[in-house]
Asks: 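Pasting a structure here, questions to come.
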Amino acid sequence: MGLKHKDLLDIKGLNREEITLILDTAESFKEVTGRDIKKVPTLRGKTVVNLFFEPSTRTRTSFELAAKRLSADVINFSVSSSSVIKGETLLDTARNIEAMRSDFIVVRHSASGAPHLLARNLNSSIINAGDGSHEHPTQALLDMYTIRERKGRLEGLKVAIIGDITHSRVARSNIYGLTRLGAEVRLIGPPALLPPGIESTGASVYYHVEEGLSDIDVIMVLRIQLERQGKNYFPTQREFARLYCLTPERTMLAKEDVMVMHPGPINRGIEISPDVADGLSSVILEQVTNGIAVRMAVLYLLGGAGEA
């Protein structure tokens with residue numbers, strides 16, 4: 001059974017059953033990633049194009065490995081050496097790629113809504129790998145998978161997301177996914193980095209770390225996204241660290257078996273201390289490992305389900 005959608009554009013558009021299907025499918029692919037020979041023939045003959053207009057290490061590499069482990073052909077499109085720098089539009093670029101018979105186009109773009117534009121105009125399956133400050137669906141899926149793997153459930157858990165909520169596509173996708181699967185979400189940060197009306201998503205807002213971390217099961221730390229802000233939202237990074245950096249002392253405010261997450265890249269000493277990032281509660285590297293299985297599941301369900 002596959003997804004009913006041609007594309008994966010956001011978490012907001014997925015229902016509880018669809019999210020659960022992806023997580024359950026990823027569980028079976030996690031076993032594949034642990035084998036000596038980490039390949040299955042599911043997408044043999046299919047072509048996956050990574051179309052990244054923003055820098056990426058983890059996400060692009062994760063999609064590449066996921067596609068190759070499903071036996072697909074993979075093309076990494078380099079924007080810096082393409083016709084984009086000559087003025088070609090995003091849609092024309094993507095149409096040319098599709099004319100080469102691509103089956104999947106994984107797109108990351110600084111403009112919110114860019115993957116939706118491609119999905120409306122192309123027959124290829126479009127997978128959103130992050131669009132502006134809008135959403136990053138596969139990151140949220142791997143986060144939910146990692147929580148469920150460790151905790152055995154998502155229903156009833158208390159999850160705190162700390163940091164730059166306003167500019168975080170990861171936060172938005174996680175808020176939609178976690179609340180849909182029955183978790184309680186708390187958003188913690190300075191008022192300038194918490195978007196007005198965010199409570200309408202079902203999340204609660206806290207301005208003080210000490211209050212927000214009380215009795216928490218999962219702490220998700222976000223990077224301060226200076227490149228998207230365009231202006232100063234707080235006096236200095238040192239001031240932000242003093243008030244919001246996740247330290248060992250602050251971690252102790254949460255439950256004893258709390259798990260600490262971060263989508264990366266990490267700014268050590270600003271949003272999270274090295275002791276916490278590398279500590280026993282941290283599952284940051286597990287998130288990276290699980291990302292491959294989750295992206296295998298997405299590719300399989302969009303285009304390969306039932307063809308193995």
Side-chain angles (χ1 to χ4, degrees), residues 8-14 19 54 56 58-59 108-113 115 128-147 154 157-209 211-213 216-230 233-234 240 243-246 254 258-267 270-272 277 283-284 287-288 290-291 294:
L8 178 64
L9 303 177
D10 48 40
I11 296 294
K12 190 176 184 179
L14 298 179
I19 295 171
E54 288 185 321
S56 171
R58 275 162 299 278
T59 303
R108 168 170 288 190
H109 202 281
S110 60
S112 298
N128 182 4
D131 62 326
S133 298
H134 175 232
E135 278 212 44
H136 191 348
T138 58
Q139 179 66 46
L141 288 165
L142 74 89
D143 290 341
M144 289 186 282
Y145 178 88
T146 304
I147 295 170
L154 288 160
L157 291 181
K158 297 178 180 178
V159 182
I161 305 178
I162 306 178
D164 186 358
I165 310 295
T166 294
H167 302 94
S168 177
R169 51 198 177 201
V170 173
R172 277 176 177 74
S173 289
N174 268 298
I175 292 166
Y176 293 131
L178 289 166
T179 54
R180 201 148 290 168
L181 292 186
E184 175 191 326
V185 178
R186 298 181 188 176
L187 307 177
I188 306 172
L193 293 180
L194 287 161
I198 193 69
E199 295 94 337
S200 65
T201 61
S204 53
V205 169
Y206 293 79
Y207 300 122
H208 303 288
V209 172
E211 184 183 358
L213 289 184
I216 282 290
D217 297 286
V218 181
I219 304 172
M220 190 177 298
V221 185
L222 301 175
R223 182 175 64 87
I224 298 299
Q225 303 197 29
L226 297 173
E227 74 278 6
R228 286 201 188 97
Q229 291 183 3
Y233 283 79
F234 47 85
F240 179 89
L243 294 173
Y244 294 101
C245 180
L246 187 63
V258 68
M259 56 188 286
V260 175
M261 312 180 77
H262 195 302
I266 298 171
N267 291 312
I270 298 176
E271 70 254 5
I272 188 169
V283 295
I284 294 171
Q287 290 173 262
V288 177
N290 291 338
V294 166

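Note that the structure is predicted; figures quoted are calculated from it, not measured. This chain uses plain numbering: 1 for the first residue, then up along the sequence.
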Asks: Assess, by modelled atom type and distance only, whether the side chains of Arg108 and His136 contain a donor and an acceptor separated by less than 3.5 Å.
Replies: yes
Asks: Is Ile147 close to Met144 at the side-chain level, that is, under 4.5 Å between some pair of heavy atoms?
Replies: no
Asks: Please check: side-chain N/O of Glu211 versus main-chain N/O of Tyr207, any donor-acceptor pairing under 3.5 Å?
Replies: no
Asks: Spell out, as yes or no, whether a donor-acceptor pair under 3.5 Å connects the side chain of Asp131 to the backbone of Gly113.
Replies: yes
Asks: Is the shortest heavy-atom distance from the side chain of Arg223 to the side chain of Pro263 under 4.5 Å?
Replies: no
Asks: Would you say the side chain of Ile165 lies within less than 4.5 Å of the side chain of Val205, judging by non-hydrogen atoms?
Replies: no
Asks: Looking only at heavy atoms, which two atoms of Ile11 and Ala140 are closest? And how far apart?
Replies: CG1-CB, 4.2 Å
Asks: Can you see which heavy atom on Arg172 is nearest to which on Pro195, and at what distance?
Replies: NH2-CG, 4.0 Å
Asks: Would you give the length of the straight line joining atom CG of Leu178 to atom OG1 of Thr201, rounded to the nearest 0.5 angstrom?
Replies: 10.5 Å
Asks: Which heavy atom in Gln287 sits nearest to a heavy atom in Asp143, and how many Å separate them?
Replies: NE2-OD1, 2.8 Å
Asks: Are any non-hydrogen side-chain atoms of Tyr176 and Leu14 less than 4.5 angstrom apart?
Replies: no
Asks: Rounded to the nearest 0.5 Å, what separation is found between the CZ atom of Arg186 and the CD1 atom of Ile216?
Replies: 4.0 Å
Asks: If every non-hydrogen atom of Cys245 is compared with every non-hydrogen atom of Ile270, which pair is closest and at what distance?
Replies: CB-O, 3.2 Å
Asks: First locate atom CG of Asn128, then atom OG1 of Thr138, and finally report the distance between them rounded to the nearest 0.5 Å.
Replies: 8.0 Å
Asks: In sequence, state the C-alpha distance, the side-chain angles, and the governing distance for Val283 and Asn290, and then conclude on side chain to side chain contact (heavy atoms under 4.5 Å, CB included).
Replies: CA-CA 10 Å; Val283 295; Asn290 291 338; over 6 Å; no
Asks: Could you tell me the separation between the CZ atom of Phe240 and the CG atom of Asn267, rounded to the nearest 0.5 Å?
Replies: 10.0 Å
Asks: Between Thr166 and Leu194 (side chain of the first, backbone of the second, donor and acceptor by atom type, cut-off under 3.5 Å), is there such a pair?
Replies: yes
Asks: Hey, could you give me the CG/CD1 distance between Leu193 and Ile224, rounded to the nearest 0.5 Å?
Replies: 5.5 Å
Asks: Are Leu141 and Leu8 packed together at the side-chain level, in the sense that at least one heavy-atom pair is separated by less than 4.5 angstrom?
Replies: yes
Asks: Roughly how far, to the nearest 0.5 Å, is the CE atom of Met220 from the OG1 atom of Thr146?
Replies: 9.0 Å
Asks: I'd like to check Ile162 versus Ile219 (side-chain heavy atoms, cut-off strictly below 4.5 Å). Are they in contact?
Replies: yes
Asks: Any idea which heavy atoms bring Ile19 and Gly177 closest together, and the distance?
Replies: CD1-CA, 4.2 Å
Asks: Do we see a donor-acceptor contact under 3.5 Å between the side chains of Glu135 and Ser173?
Replies: yes
Asks: What closest approach, in Å, do Arg180 and Lys12 show between heavy atoms, and which atom pair accounts for it?
Replies: NH1-O, 2.8 Å
Asks: Give the intermediate values and the outcome of side chain to side chain contact (heavy atoms under 4.5 Å, CB included) for residues Leu213 and Val258.
Replies: CA-CA 10 Å; Leu213 289 184; Val258 68; over 6 Å; no
Asks: Taking the side chain as every heavy atom from C-beta outward, state whether Val159 and Asn174 have any pair of such atoms under 4.5 Å apart.
Replies: no
Asks: With a 4.5 Å heavy-atom cut-off, do Leu243 and Val209 have their side chains touching?
Replies: no
